[in-house]
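Encoded as structure tokens, here's the structure I'll be asking about.
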Amino acid sequence: MKAVVNVDVGGPAISRHLYGHFAEHLGRCIYDGFYVGDDSPVPNVDGIRTDIVAALRELEIPNLRWPGGCFADEYHWRDGIGPKESRPSMVNTHWGNVVENNHFGTHEFMQLCEMLGAEPYISGNVGSGTVQEMSEWVEYLTRSGDSPMSRLRRENGRDDPWKVRFWGIGNETWGCGGNMRAEYFADLARQYATYCKNHDDNTLYRVASGARDDDYSWTEALMKSISCLGCAQGPRDIYQALSFHYYTVAPTWENKGRATSFSDDEYELTMAKAWRMDEIIAGHSRVMDCYDPQARIGLVCDEWGTWWKAEDGTNPAFLYQQNALRDALVASLHFDIFHKHARRLTMANIAQTVNVLQAMVLTDGAQMILTPTYHVFEMNKAHQDATNLPLHVVQPGQRRTADGREFETVSASASIKDGQILVSATNLALEGDARIDLDLRGTTWTLGEGRILTAPSVQAHNTADDPTAVAPKKFDGADRDGNTLVIEVPAHSFVTVQLSVD
Ligand code: AHR
């Protein structure tokens with residue numbers, strides 16, 4: 001691949017919230033994941049596992065979405081406050097029909113966010129809740145002074161209100177969140193958003209539950225419902241963003257492949273499907289541009305990642321899967337795509353952080369394993385809040401075809417922050433180095449540290465016995481030719497190269 005990068009021009013900021021996370025009451029994400037209870041032998045603070053917190057702090061995770069997912073639309077927040085022994089239990093109908101004891105509730109989640117240094121992103125219940133219930137949850141969390149909900153919060157031990165910016169209005173309301181039609185939900189979203197108030201100086205960023213994959217008609221229905229055509233100021237300020245979900249699944253939803261044993265064909269199909277994220281964001285953005293050319297309404301991808309068959313011997317409803325180098329390359333490709341769309345895309349949340357789907361960490365008792373995907377988040381963290389440097393591709397890399405879809409085997413992105421440029425590059429090919437030539441115009445620079453994430457095979461993964469089978473190493477395959485950065489990226493590898501602007 002040959003590309004020109006105009007360092008002195010730059011593009012939009014890459015919101016740090018594109019590196020967001022998601023934790024649902026599902027399988028072992030919360031219980032026996034983040035939260036082990038304060039009587040656990042696993043080191044914890046008030047039941048929250050300290051090794052997980054330390055690992056995620058390294059990633060500088062910007063936000064955490066909770067309590068779901070599908071679970072959000074059957075969650076009633078009042079069941080999760082007050083003394084634990086008197087909290088009512090409920091059945092988690094979506095994820096294994098297990099009984100949820102509500103021991104991890106609002107206060108525990110907010111404490112977790114404080115420990116992580118991450119902003120909370122709360123998903124409110126539209127599917128089985130009420131406008132009043134959601135409105136009071138906002139008041140409970142964010143209002144100071146003497147009000148019914150702030151008094152209740154104080155009775156439960158918390159004087160000061162919390163700051164909560166991100167607020168989801170429902171989840172997958174076209175499916176598990178109520179099986180609604182777009183036009184019906186479009187009105188509900190306006191109604192719920194209206195009663196999610198800004199208390200004191202807390203300003204909500206309300207995210208209306210959006211489309212599945214490439215259902216652009218859903219996005220259109222939502223955009224239409226908040227637009228007043230002819231208004232110079234753009235869409236009405238009822239909610240500030242809408243979401244969509246897209247998972248990488250291969251071969252099919254009905255017949256998902258395995259996380260660590262898959263064929264070369266399945267690998268290539270996975271990459272072809274991962275690339276679809278680019279076309280899907282572009283599709284939603286095109287619809288939004290028609291109603292909101294100034295991009296006042298954000299697009300949020302609050303669930304993305306790989307979804308494989310659950311590991312043998314685990315509850316299939318708990319969605320526990322291993323995580324191989326393949327997953328890491330899916331993640332690095334997604335970040336290049338997210339950076340490219342940073343003008344419209346304001347947030348993205350990988351599903352899910354611990355022990356579920358494409359996780360950062362997997363736990364087994366007291367043991368914690370960092371996955372290959374974790375390392376991509378860590379290697380890319382300097383892109384958070386940096387200025388995107390768009391790549392103008394003058395000669396694309398190799399192309400492959402899988403299941404009738406053509407896809408590039410080379411992907412890259414770059415950003416600049418505080419005089420430091422970070423270049424990320426992925427070679428998806430199973431064989432053969434990829435040469436990337438980046439003609440960096442408008443500045444002179446000095447070559448800095450290079451790092452590589454790779455392994456002998458794309459099936460490689462980390463286990464308790466071999467926790468660093470896939471871990472970053474020093475990379476010396478970057479060089480300069482005049483002002484052109486030349487990177488030789490080995491087969492199935494992700495590399496980052498740092499440059500300092502002179
Ligand atoms: O992340 C797992 C599930 O996938 C979520 O609960 C739901 O929103 C989506 O279908």
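Whatever order the structure lists them in is the order used to number ligands and atoms, beginning at 1. Keep in mind it's a predicted model, so treat the numbers as computed, not measured.
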E114 CD: over 12 foreign heavy atoms closer than 6.0 Å: yes

Within reach of ligand 1, part of L357 (heavy-atom separation under 4.0 Å): side chain

R258 bridged to D312 by N-O distance under 4.0 Å: yes

Nearest-contact summary for atom 1 (O) of ligand 1 - protein heavy atom, Å: Y247 OH, 2.8 Å

Q352: numbered ligand 1 atoms lying under 4.0 Å from its heavy atoms: 1 (O), 2 (C)

Enumerated ligand 1 atoms positioned under 4.0 Å from heavy atoms of N171: 8 (O)

Six-ring centre of Y35, R49 cation under 6.0 angstrom, axis tolerance 45°: no

Closest protein heavy atom to atom 6 (O) of ligand 1, given as residue, atom name and distance to 0.1 Å: E24 OE1, 2.7 Å

Salt-bridge present (R344, D292; N to O < 4.0 Å): yes

C176 N/O to ligand 1 N/O under 3.5 Å: no

For C70, atoms of ligand 1 separated by under 4.0 Å from a heavy atom: 5 (C), 6 (O), 7 (C), 8 (O)

R65 NZ/CZ over W304 ring centroid, <6.0 Å and within 45° of normal: no

Closest protein heavy atom to atom 4 (O) of ligand 1, given as residue, atom name and distance to 0.1 Å: E303 OE1, 3.2 Å

Shortest protein heavy-atom distance from atom 10 (O) of ligand 1, along with the residue and atom involved: E172 OE1, 2.7 Å

Under 4.0 Å to a heavy atom of F22 - the qualifying atoms of ligand 1, by number: 1 (O)

Neighbour count above 12 (heavy atom, 6.0 Å) for R451 CZ: yes

Residues D403, K273: salt bridge by 4.0 Å N-O rule: no

R87 and E108 ion-paired at < 4.0 Å: yes

Proximity of W95 to ligand 1 by residue part, where a heavy atom lies under 4.0 Å: side chain

